[in-house]
2 protein chains.
Amino acid sequence: MRNNWRKFASILLDSSIKKQVLLKEERHAYILQRLSARQKVLTSSLSEELSVSEDTIRRDLKELADNGQLRKVHGGALPPSHNPYAYRDREVYALESKIKIAEKARSLIQDGQVVLMDGGTTNLELVKRLPQDLHATFFTNSLPVAVQLSGHPHIEVIFAGGKLLKDAQATIGLEVVHLFSEIRADICILGTRSLHHEAGITEINWEEAQVKRSLVQAAKKVVALVISEKIDTLQPYTVCDIKGLHTVVTELDTTDEILIPYKKRGIVLI
Amino acid sequence: MRNNWRKFASILLDSSIKKQVLLKEERHAYILQRLSARQKVLTSSLSEELSVSEDTIRRDLKELADNGQLRKVHGGALPPSHNPYAYRDREVYALESKIKIAEKARSLIQDGQVVLMDGGTTNLELVKRLPQDLHATFFTNSLPVAVQLSGHPHIEVIFAGGKLLKDAQATIGLEVVHLFSEIRADICILGTRSLHHEAGITEINWEEAQVKRSLVQAAKKVVALVISEKIDTLQPYTVCDIKGLHTVVTELDTTDEILIPYKKRGIVLI
DNA sequence: GAAAAACTTGCATGTTTTTGCGGGAAACTA
DNA sequence: TAGTTTCCCGCAAAAACATGCAAGTTTTTC
């Protein structure tokens, strides 16, 4: 008899490990996230990833399409044609590399941290991929980053106000610099236009450089996300000295030749 | 009999908890805690964990949902509408009316003006329809409004920084209020949730009300965009006294009966 | 302190939603 | 054009749901 109890209790215990039952809404969220990250989804892959039949996926896609959240095509789905956010509509240059970088950089952000983040498509890809259960506080001056973060349940977002630089969809100016001068963050993640093994991070726009400099100064740890083709290029205005740089994330293997000078300077490569 | 096993098993499991029967309130607390920890709860799991029937769990979930503390879905429940796409993909309620209002309100904004604008779908519709050759300066605390405006060639945008209220996709807090306290604008355009011919504009969220109040105080002229069904409704927090209101834009004909009290008070109707 | 009222819970009932599958239509590919 | 893949439609089983009701519990009231 006692054995039976044990058995029953163990069944109950097992239930805490529960097989992964996804609610319909969760599947929908997953699909949308996947779509936003990869720009396309396949019925077949989704069926495997979510362990449901293709018919179910089709029904999901249909529902989402009816809702205007994606565009259904033969074999899968694409982002909605009329996207209210112009920034996203633009084809992202070197998206594959940026996705790779974003995936690598995910692990840098941990629970409870205060994170500074500027704009740029690489950062946006990273933000799209932050785990749903991450608890953190983000400071940013980028509109698209803020929009994306506003969808996360446990991330507090502080937006740095100021004059809006339209091309970058980010704020600049004294107000922004002032805000960052008042905080002390754990980590600062920079979408980087130019990285050089002697000059560090440089920028082409003086005002943006100004703002990024204030971000750098407010953080204990500075991380540069940069695609390889921008390594060892130079721009007029310095954002962050090479000595102030803590980590560099690229899409390359960390043993790649071009990264050697950085390794020599003690910079963490990912 | 089967039930007895269950009870017993649950005692084994919850050896730390003395009572085998949880009060309703306790169950509710447990459910909410579980939800916040895992981002989802399943009716079936909860039934096991709490050793009550699924019917009871359903009733609990329904109650919590009615209370706005979670979102009930088939199979369980999810956190209250935190999905990133809620704001932009949600079918805009009463869109037809809002478009009508936006079309009417276009003429209020003129070249060279400094305009204050808060969030809301009506304002967003207006912003979408601003003439391409308009030159103006906009102050806003709404993310979607700023994004939309950033696509406009001749409008300068100043974004009010602060803590981001995710549901509204707008910033709130002292910083925002402070910014608006320092400027003097020509016109302030409010997306309005409630308008009353005696109380004026009122809001349901205290922090949002606070921000809107600062907008009102910074402008020479206050315009309310409001769909007719929100006329003569009331919310707890006052944004703008009826005397401080200059213009009201609705989708109705200006001779409509419901607007008479406003006309009598000398408010401009459009 | 006892009767009445209100509340809570589990179960039986019938209904709705979700899901996978078969088969034929449609769309792609070569 | 032929052949494969993907889609769509209807069906059926399983799961989840709403509802009414009865039994038990708690609270109120006098």
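Chain identifiers are assigned alphabetically (A, B, ...) following the order of the sequence lines, protein sequences preceding nucleic acid strands; residue numbering begins at 1 within each chain.
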**Prompt:** A:R58 has an atom CZ; how far is it from atom P of C:dC21, in whole Å?
**Reply:** 12 Å
**Item:** Approximate separation, where rounding is to 0.5 Å, of A:D253 CG and A:L259 CG
**Value:** 9.0 Å
**Message:** Rounding to an integer number of Å, can you tell me how far A:L50 CG sits from C:dT18 C1'?
**Reply:** 15 Å
**Request:** Answer yes or no: does a side-chain N or O of B:T56 lie under 4.0 Å from OP1 or OP2 of C:dT8?
**Result:** no
**Request:** Using atom types as modelled and distance alone, determine if a side-chain donor or acceptor of A:S47 lies under 3.5 Å from a backbone N or O of A:V52.
**Result:** yes
**Prompt:** Do B:E49 and B:R34 sit within salt-bridge range, that is, some charged N less than 4.0 Å from a carboxylate O?
**Reply:** yes
**Asked** Across the strands shown, which category fits B:K72 at heavy-atom distances under 4.0 angstrom: base, sugar-phosphate, nothing?
**Response** sugar-phosphate
**Item:** Touch class at under 4.0 angstrom, heavy-atom based, for A:S44 against every strand present
**Value:** nothing
**Message:** Distance check needed: C:dC7 C1' versus B:R59 CZ, whole Å only.
**Reply:** 11 Å
**Phosphate contact (D:dC7 OP1 or OP2) by A:T43 side-chain N/O below 4.0 Å** = yes
**Message:** Nearest whole Å is fine: how far is D:dA16 P from B:L46 CG?
**Reply:** 12 Å
**Request:** For B:L61 and D:dA16, give me the distance from atom CG to atom P, rounded to whole Å.
**Result:** 13 Å
**Request:** Take atom NE2 of B:H74 and atom P of C:dT19, then tell me their distance rounded to the nearest Å.
**Result:** 8 Å
**Rounded distance (Å) that lies between atom P of D:dG10 and atom NZ of A:K62** = 12 Å
**Complete:** Rounded to whole Å, the CD-P distance (B:E54 to C:dT17) equals 18 Å
**Message:** Tell me whether A:E103 is salt-bridged to A:K100, with the criterion being a basic N under 4.0 Å from an acidic carboxylate O.
**Reply:** no
**Prompt:** Given C:dT18, is OP1 or OP2 found less than 4.0 Å from the side-chain N or O atoms of A:K24?
**Reply:** yes
